[in-house]
Number of protein chains: 2
Amino acid sequence: MKPPTSLAAPLLDIPALRNSCSSCSMRQLCLPMGLEQSDMQRLDGIIGRSRVSRDDTLYRIGDKFNFLFAVRAGQFKTYQVSPDGAQQITGFQMAGELLGMDAIGTGTHQCDAVALENSEVCKIPFVRLEELFATIPALLRHFHRMMSKEITREQSVILLLGNMGAEQRLAAFLVNVSSRYEARGYSGTHFKLRMTREDIGNYLSLTIESISRLLTKLKKDGMINVSNREIEIIDLSALKMLATGSNVCG
Amino acid sequence: MKPPTSLAAPLLDIPALRNSCSSCSMRQLCLPMGLEQSDMQRLDGIIGRSRVSRDDTLYRIGDKFNFLFAVRAGQFKTYQVSPDGAQQITGFQMAGELLGMDAIGTGTHQCDAVALENSEVCKIPFVRLEELFATIPALLRHFHRMMSKEITREQSVILLLGNMGAEQRLAAFLVNVSSRYEARGYSGTHFKLRMTREDIGNYLSLTIESISRLLTKLKKDGMINVSNREIEIIDLSALKMLATGSNVCG
DNA sequence: CGCTGTGTTGACTACTGTCAACAAGGGTGG
DNA sequence: CCACCCTTGTTGACAGTAGTCAACACAGCG
């Protein structure tokens, strides 16, 4: 509901953050995955790093597309805005994930990207990345994999919105977040959500009241513990069962 | 509800269809867009053409990914299958559109693709396409645009499922189909749907009963004429208004 | 000509939304 | 340091949209 903060907020280049990809803990998940040392350095050479404060907008619908962004630390949300002005969150991005791929087709950003907490991003000039593609085939292949996985991810959101009931959606969301924390070396059973109930509800296309009630229900059913944004998953397999269980509507 | 026909149905290579991209009416929309004659011929050199009969499966979830497919004629649907076996159609593909991009990330197809009518596809071996990328930058750039637009397209499906009411969804669907027919040189106001009500309902996450009732309503309201799958759009701008009009839920 | 798949219409149901009141947390300023 | 305020989250009562179930109509096809 609150208007995004001004885009004018500059993205500072921070020399201290000029750590190379090779020293980044996300290099297994991120763009440089599988690159040789020398190629990784060439990639490094075109990448800048910036900080983005909580609630700041990384880019906005209609902005000219010049950079892809990789989340280095923190989390983001991306949302579409429908013609009537309503938002629809299309994804939450964690460290190692790429932002802005939807802008390549038109040269213009197709969604807003907003930081959920104080974050750091790698700023990748797309034209220079394209130059590297010509001489680093492994980079190109992995870039294609990342774009393709973004397509797959969105398909599973479509599946979620199209075929799942409210409880199943929330369970699927929690399981998804859990696995992503785990893939990043954090606990998959005890974590803090970075987004509000409103964001979760918007993403899952449920009201905050429903989110609240359903979290309470999952707690009562002994699957999770909730305290504000602190989540503890008590019975992950039960939660997975719930997320993948039946409940058709389409 | 009916099980897809056997994948064993062979995709026949048809010499008579070996028309080059340069003679294809879809070349402005499809992969070879913007290529010079010589590059288009090189692309042609790796592409095979095949027929796919109505209700036949082009590929299936779990199939090894070797080929991208471009729809040359006819129409397809792609659907995910949720763990409980329910289908969710994620898109309808028309001539000039690419199928299989979601398989690049894993090397395995992530959805089923089924022909809605007797169709023809161009069969593009992905490894050979990757070889061409190295020497035809324009081809690579356009491929990126097509992948990116697939991401954008899915985002708008997410928006549709997440933020729109039933009537708005159907209106948006009709407007979308209309514009795609028009882009292909057909009438945008008078066309025949190639999919059943069940497919439409599945795609929009509505029941066939709702589709039926809503088509009747749009007809009563003087926006369209319907007779079975024959659609005539009487008031396109009103339909667009409806599709983009307010009706929030997320 | 009847059968089967597809589409239409009506009556009833239920899931999730809406509205409203209240509670709790976290920041800010006195 | 504490009080206050505003945002965020919780809970309950009620409502509405779209789903479910069921009967029927129509078309295409053998």
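Note that the structure is a prediction, hence the values are computed from the model and not measured. Proteins come first, then strands; the chains are lettered A, B, ... in the order of their sequence lines, and each starts at number 1.
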If I take atom [atom1] in residue [X] and atom [atom2] in nucleotide [N], what distance separates them, rounded to the nearest angstrom?
X        : N      : atom1 : atom2 : value
B:Lys219 : C:dG7  : NZ    : P     : 14 Å
B:Ile231 : C:dG7  : CD1   : P     : 11 Å
A:Arg229 : C:dG26 : CZ    : C1'   : 11 Å
A:Leu214 : C:dC15 : CG    : P     : 12 Å
A:Arg54  : D:dT7  : CZ    : P     : 13 Å
B:Asp55  : D:dG28 : CG    : P     : 17 Å
B:Leu206 : C:dT8  : CG    : P     : 14 Å
A:Gln168 : C:dC15 : CD    : P     : 14 Å

Base versus backbone protein contacts along nucleotides 10-17 of chain D [heavy-atom cut-off under 4.0 Å; B, S, -]: BBBB----
Qualifying residues under ring pair (Phe, Tyr, Trp, His ring centres under 6.0 Å), relative to A:Phe65, sequence neighbours excluded: A:His109, A:Phe126
B:Phe191 and B:Tyr186 aromatic centres sub-6.0 Å: no
Non-neighbouring partners of B:Arg180 that pass salt bridge (Lys or Arg N to Asp or Glu O under 4.0 Å), sequence neighbours left out: B:Glu97
Criterion side chain to side chain contact (heavy atoms under 4.5 Å, CB included) against B:Leu161, the qualifying member of B:Asn163, B:Val157, B:Leu159: B:Val157
C:dG17 phosphate, OP1 or OP2, under 4.0 Å from A:Thr207 side-chain N/O: yes
Test applied, salt bridge (Lys or Arg N to Asp or Glu O under 4.0 Å); reference residue, B:Glu117; option that passes from B:Arg229, B:Arg54, B:Arg194, B:Lys77: B:Arg194
Flag, side chain of B:Ser178 to backbone of B:Gly188, donor-acceptor distance under 3.5 Å: yes
